[in-house]
2 protein chains.
Amino acid sequence: MPKSELKAKETVKRSTRELLLDVAEELFTDHGFDGTSVRDITEQAGTRLASINYHFGTKKSLFIAVIMRRAIVLCEERLVMLRDIDIDGIEASDALYQLIDAFVLPLLKHSTKGDPGWKNYCRLIAQTSTYRQAYEDNTVREVFDPPAYEFIKCLKKIMPKASDQQVQYAFQFMLGTTLYVFTENLRLDGMTEGKYRSGDMNNIYPSLLKYICGGILNLSITT
Amino acid sequence: MPKSELKAKETVKRSTRELLLDVAEELFTDHGFDGTSVRDITEQAGTRLASINYHFGTKKSLFIAVIMRRAIVLCEERLVMLRDIDIDGIEASDALYQLIDAFVLPLLKHSTKGDPGWKNYCRLIAQTSTYRQAYEDNTVREVFDPPAYEFIKCLKKIMPKASDQQVQYAFQFMLGTTLYVFTENLRLDGMTEGKYRSGDMNNIYPSLLKYICGGILNLSITT
DNA sequence: GTCTATAGCTTGATAGAC
DNA sequence: GTCTATCAAGCTATAGAC
């Protein structure tokens, strides 16, 4: 077999490890961790039952691997955008808007780029965030918390008069609104009989940003 | 055995059915539907394995029963508060504030009144909302949707200039922010090392309302 | 790195006595 | 309405050949 053919085959065929991650990502998203068996995963992936234990050890480790794979990418993109904000050079409300954009836009970009893997991933971390179990894992915290601290630090600079508590709450509210939207839970679809869709991210996005922005601004006003 | 003694015993001992609902509510909240076995439930309830199938038929039916039991109460309380708003007699921003209060306060009241059952229930419906499966059940939709339509109708009266889409989005954002907060997912606790707590609802509540109010107001402003 | 085979256990649900 | 006993199927994980 000539070299070129070998290379072509490599490009086409994903490694078993990556394949398992993709399939697990999809099934965990649609049926949850406990609602997905390793058999479901290996059958859909066309591999044997033992492949998961060989590549990941346990089912739990596979789940963590799924979460971690794209987390590093996502967090890095958020930080790059956050650092690009010229806090001192612009108005506070503009800076706030850009901060929220730095937090949410990376999610939007991946969710709408056509890669079903990323779409599933966004829904997965959004769902997972509502369960206490997931956040109890230290590996996951070590990836998601440091960027979060950067956002909070930046929020404090933008709203110097706001109390520590208000800033902490503001971050959690931003997080909550964002993650709920990215679950794409079909509630909007059901209630409007398909007139509007929870999966229509590009259309929802501008409204989402205005909502979060207005919410945080109102939070820092003492009345 | 005299009548009075019988009555006393009835008051103390919950029916097996109610007991199973309470235990299931707690375990479904902490471990999810698929993470909870009927054995887990019956063992903690001190009943036999067959009791669940006798009283509810299937595990799935038990889950629906758990969701429905308090849903009717919650929805009715929301509607009572909503109807009490004097839309035409007050300013739009005040009316909006009262509308949000009508949506969230019933949750807060039950969540903080000391009944662990209600506390679990609030967390459960918040978690469940991020899964597509749950909303697919018609029984659940028939309870939660009609009150939601009432809120949307009222939102439109308060914000007559806002488009239908903006109002629909506004409702979803309110829903998302609220439900995320009521998951009490411990993220705030972890990030602030216990300085602030996601379970401290009474303290979070005023900020939550200001945030949602500011968000929706900003949404209806065209810039 | 992939395969078969299987251990050891848990699952939801039911049949039938009381 | 509650009990025991049990079924049939599913589960995660591993051992060992190739």
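Order of the sequence lines sets the chain letters (A, B, ...), proteins ahead of strands, with each chain counted from 1.
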Q. By a strict heavy-atom criterion of less than 4.0 Å, which residues belonging to residues 18-30 of chain B are in contact with DNA chain C?
A.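 Result for residues 18-30 of chain B: none.
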Q. Which of residues 42-56 of chain A have a heavy atom under 4.0 Å from DNA chain C?
A.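 Those residues are A:R48, A:A50, A:Y54, A:H55.
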Does the distance from a Lys or Arg side-chain N to an Asp or Glu carboxylate O, for [X] and [Y], drop under 4.0 Å?
X      : Y      : value
B:R69  : B:E25  : yes
B:D189 : B:K195 : no
A:K109 : A:D115 : no
B:E150 : B:R78  : no
A:K60  : A:D137 : no

Write out a two-atom table: protein N or O, nucleotide N or O from nucleotides 9-11 of chain C, distance below 3.5 Å.
{"from": "C:dT11", "atom 1": "OP1", "to": "B:S37", "atom 2": "OG", "distance (Å)": "3.0"}

Q | Base-pairing string, 5' to 3', of DNA chain D - Watson-Crick or wobble, under 3.5 Å, | interstrand | A | ||||||||||||||||||
**Q.** Qualifying ring-ring contact (aromatic ring centres under 6.0 Å, His included) pairs, either residue in residues 112-136 of chain B, two or more places apart
**A.**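 Found B:H110-B:W118, B:W118-B:Y121.
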Q: Determine, using ring centers only, whether B:Y211 and A:Y211 are less than 6.0 Å apart.
A: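 That pair passes the under 6.0 Å test.
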Q.
Are A:L155 and A:L96 packed together at the side-chain level, in the sense that at least one heavy-atom pair is separated by less than 4.5 angstrom?
A.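 They are in contact (side-chain heavy atoms under 4.5 Å apart), so the answer is yes.
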Q: Apply the test side-chain hydrogen bond (donor to acceptor under 3.5 Å, both in side chains) to residues B:Y196 and B:N203: give CA-CA distance (whole Å), side-chain angles for both, the deciding distance (0.1 Å), then the verdict.
A: CA-CA 10 Å; B:Y196 308 112; B:N203 202 19; over 6 Å; no
Q: Mind running ring pair (Phe, Tyr, Trp, His ring centres under 6.0 Å) on A:Y180 and B:Y180 for me, showing each step along the way?
A: CA-CA 7 Å; A:Y180 183 86; B:Y180 184 85; 9.2 Å; no
(Q) Among residues at least two apart in sequence or on other chains, which ones pass side-chain hydrogen bond (donor to acceptor under 3.5 Å, both in side chains) with B:D101? (A)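 Counting only residues at least two positions away or on another chain, B:D101 forms a side-chain hydrogen bond (donor to acceptor under 3.5 Å, both in side chains) with B:Y205.
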Q.
In whole Å, I'd like the distance from the CZ atom of B:F63 to the C1' atom of C:dG12.
A.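 Taking CZ of B:F63 and C1' of C:dG12, I get 17 Å after rounding.
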(Q) side-chain hydrogen bond (donor to acceptor under 3.5 Å, both in side chains), that's the test. Do A:T177 and B:T177 meet it? Break it down for me. (A) CA-CA 5 Å; A:T177 316; B:T177 316; 3.1 Å; yes
